[in-house]
Amino acid sequence: MTPLLLALPGDAETARAIAARLGGDVTEVSLHRFPDGESLVRIEQEIRERSVSVVATLDRPDPKLIPLLFLANTARRLGATRVGLVAPYLPYLRQDHSFRRGEAVSSLCLGRLLSRDFDWLVTVDPHLHRHHSLDAVLSIPARAVAAAPTIATWLRTEIANPLLIGPDAESRQWVSEVARHVDAPYIVLEKNRLGDREVEISVPEGVDLRDCTPVVIDDVASTAGTLIAVVRTLLAAGAAAPVCVVVHGLFVDDADLALRRAGARAVVSCNTVAHATNTIDLSAALASAVRGFFPQ
Ligand code: R5P
């Protein structure tokens, strides 16, 4: 039977792009918000004896999580044989440690919730730093799609003579992979986080920034404080205006515009979170990972 993707409002476009590659169907789930803030989800399509997957990109996650969990529960109650989750952006992974006494390890809290209600999960480049794989967070089978090959294809056609730049040690895993696919040089800068929106960036000694197009690559841009500091530091060091490429562009409070104002030549994101900067389409890579979870 053809794969069936269930999309909450806001996720239908992503679900349709994946379904088109997968040869699957999409049904839009209705979501009613009561005046008191409670949510009611409804699946009108017959799903008895079907293997289904919810598609939900989980940026700004808190208002989305209750409907998501209710949807998984409802799909099961209506007779779905398996209920997967395609979450192109998986949130809360940056809080992967209790940094101060008493703090939640949010990554594990979320992982436990999702593992209870879903049978499998597909995401894109989860922020795995202290956790070395999704298995450390989830107890269900999971696939992490790598954006690097698709980013590399875009870079090869759009950017001449790139020098790839990771803002901090955590970005090495992404920037080095893209560099391998493009066959371009890369460097990793040093970051010191001073607060939610403020960071200090330094360029290691001896780096030559002349005669290249700097391409800054990171997994997530939230406030864009990191990328803004990188752009300013590179420009101050005499580099050409950098291109900024992120996998997940959250860009709170029009942060992409602030990044352009800081001197970025272009701001580009993958379409894991719907945003005006979406340029790199990962639906083919997502569909191929999702295919493996549906019975042939
Ligand atoms: C941190 O390790 C991440 O890879 C990003 O660099 C960070 O989350 C970006 O946040 P912001 O855009 O707020 O600086």
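Numbering of residues begins at 1 and proceeds along the displayed sequence. Atoms considered below: every heavy atom in the structure, side chains included; atoms not considered: hydrogens, waters and symmetry mates. Remember, it's 1-based here, ligands and their atoms both numbered in the order they're listed.
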So [Y] and [X], do their side chains get closer than 4.5 Å, heavy atoms only?
X: Leu31; Y: Arg33; value: yes
X: Val290; Y: Val55; value: no
X: Arg112; Y: Leu108; value: yes

*Which pairs count as salt bridge (charged side-chain N to carboxylate O under 4.0 Å, His left out) when at least one residue sits in residues 69-89, sequence neighbours excluded?*
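The answer is Arg76-Asp119.
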Let me have the donor-acceptor pairs involving side chains of residues 180-189, under 3.5 Å, with sequence neighbours excluded, atom names and distances please.
residue	atom	partner	partner atom	Å
Arg180	NE	Glu177	OE1	3.1
Arg180	NH2	Glu177	OE2	2.9

*Under a 4.0 Å heavy-atom cut-off, which residues neighbour ligand 1?*
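If the criterion is a heavy atom under 4.0 Å, then ligand 1 touches Arg94, His127, Asp168, Glu170, Lys191, Arg193, Asp218, Asp219, Val220, Ala221, Ser222, Thr223, Ala224, Gly225, Thr226.
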*All side chain to side chain contact (heavy atoms under 4.5 Å, CB included) counterparts of Ala75, not counting sequence neighbours*: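 By the side chain to side chain contact (heavy atoms under 4.5 Å, CB included) rule, Ala75 matches Leu6, Ile43, Ile47, Val52, Ala80, Val83.
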